[in-house]
Every structure is written in C-alpha cells, then in structure tokens.
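As structure tokens, the structure follows; a few thoughts come after it.
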Amino acid sequence: MTTFSPGHVDHLAAILKAVSGFVLSADKHYLIEPRLAPVARRFGMASVEAVLGKLRGSPDEDLIWAVAEAMSVNETTFFRDRLPFELFRDEIAPAIAARRAGGKVKVWCAGVSTGQEAYSLAMLG
C-alpha cells in the first residue's frame, strides 16, 4: 500500500467533504491509490501523489470534480451492506412504526444510483 503525505490526505479529505459530503476515514485510505490512479493518468500526472499535491496547490475545478467522482461509491446492489439493512428491519423500522398512527414507515433514499437500495428497503417490509 502506498503511503501518502498526511497533509495531502487531510486536504483530500477536506475537499471530498466540502464538494460531495464524502467522509474519507482512516480505514478508507487504501482506496486512494486505486481510485485516483486513473485520474492521474487522465490529467497527465506522473502519480497519485502528484494529484494530491495539485489539490493542495492550485487545483482546477475539473480536477476537483474528477477526484470527487473517483472517490465516491459507484456501485449499487440489492442489500449492498447487510448490517444496515438488518438494523433497519430489526430495530429502526419497528421503533418508527410504533410511534406512527397506522404503523406506516416512509423512507426517503437520497443519492441512489439505480435504486437497488430503495428497493431493498421496500422488500424488508
């Protein structure tokens, strides 16, 4: 695994949070190299470290958005992360239903790609 300058990673995390709401936690640093290597090639840079350096220096908007897009989750599948769905089914939905007349639970799913997450929630009921 490539180790990047902590300052570069902190700045990357701040940019991602600001432009997309993506939180780059320490346990996700392994994603930086494979996701940003294609961005480096696309922008004619020699390495991911060069991309991170450019982000700290004078990045252009195209680079910022390319980095944000590359670092975001671009997959959608039914029940993609099992634990959140189990928690929703077993704890969250029953607690909400108990507080509502008729026990009806409505869910808003923001930022889904093709909808598998929303349909997964619907299938739980």
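The first residue of the sequence shown is numbered 1, and numbering continues consecutively from there.
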**Complete:** Between L36 and A70 the two heavy atoms that sit nearest each other are CD2-CB, 4.0 Å

**side-chain contact (heavy atoms from CB on, under 4.5 Å) partners of A118, counting only residues at least two apart** = C109

**Item:** Results of side chain to side chain donor-acceptor pair (under 3.5 Å) for D27 - residues two or more places apart only
**Value:** S25

**Prompt:** In Å, rounded to the nearest 0.5 Å, how long is the span from CG of L24 to CD1 of I32?
**Reply:** 5.0 Å

**Request:** Kindly write out the residues that satisfy side-chain contact (heavy atoms from CB on, under 4.5 Å) with H11, not counting sequence neighbours, or none if the list is empty.
**Result:** I15, L55, R56

**Request:** Any salt bridge (charged side-chain N to carboxylate O under 4.0 Å, His left out) involving residues 113-125? Give me the pairs, sequence neighbours left out, ordered by first then second residue.
**Result:** R80-E117

**Request:** Quick one: do L52 and V67 satisfy side-chain contact (heavy atoms from CB on, under 4.5 Å)? Show the steps, please.
**Result:** CA-CA 9 Å; L52 298 177; V67 166; over 6 Å; no

**Asked** If you take all heavy atoms of A66 and R42, which pair is closest and at what distance?
**Response** CB-NH1, 3.7 Å

**Asked** For M123, which fellow cluster members are found when Ile, Leu, Val, Met, Phe, Trp and Tyr are connected by side-chain heavy-atom distances below 4.5 angstrom, either directly or through intermediates?
**Response** F78, F79, F85, F88, I92, I96, V105, V107, Y119, L121, L124

**Prompt:** What residues form a salt bridge (charged side-chain N to carboxylate O under 4.0 Å, His left out) with R99, not counting sequence neighbours?
**Reply:** none

**Asked** Where is the tightest heavy-atom contact between R100 and K104, given as atom of each residue plus distance?
**Response** CD-O, 2.9 Å

**Request:** Please name the pair of heavy atoms, one in A40 and one in S47, separated by the smallest distance, quoted to 0.1 Å.
**Result:** CB-O, 3.6 Å

**Request:** Provide the closest heavy-atom pair for E33 versus F4 in the form atom of the first, atom of the second, distance.
**Result:** OE1-CZ, 3.2 Å

**Prompt:** OG of S58 to CG of L63: how many Å apart, nearest 0.5 Å?
**Reply:** 9.5 Å

**Asked** What closest approach, in Å, do A68 and L16 show between heavy atoms, and which atom pair accounts for it?
**Response** CA-CD2, 3.6 Å

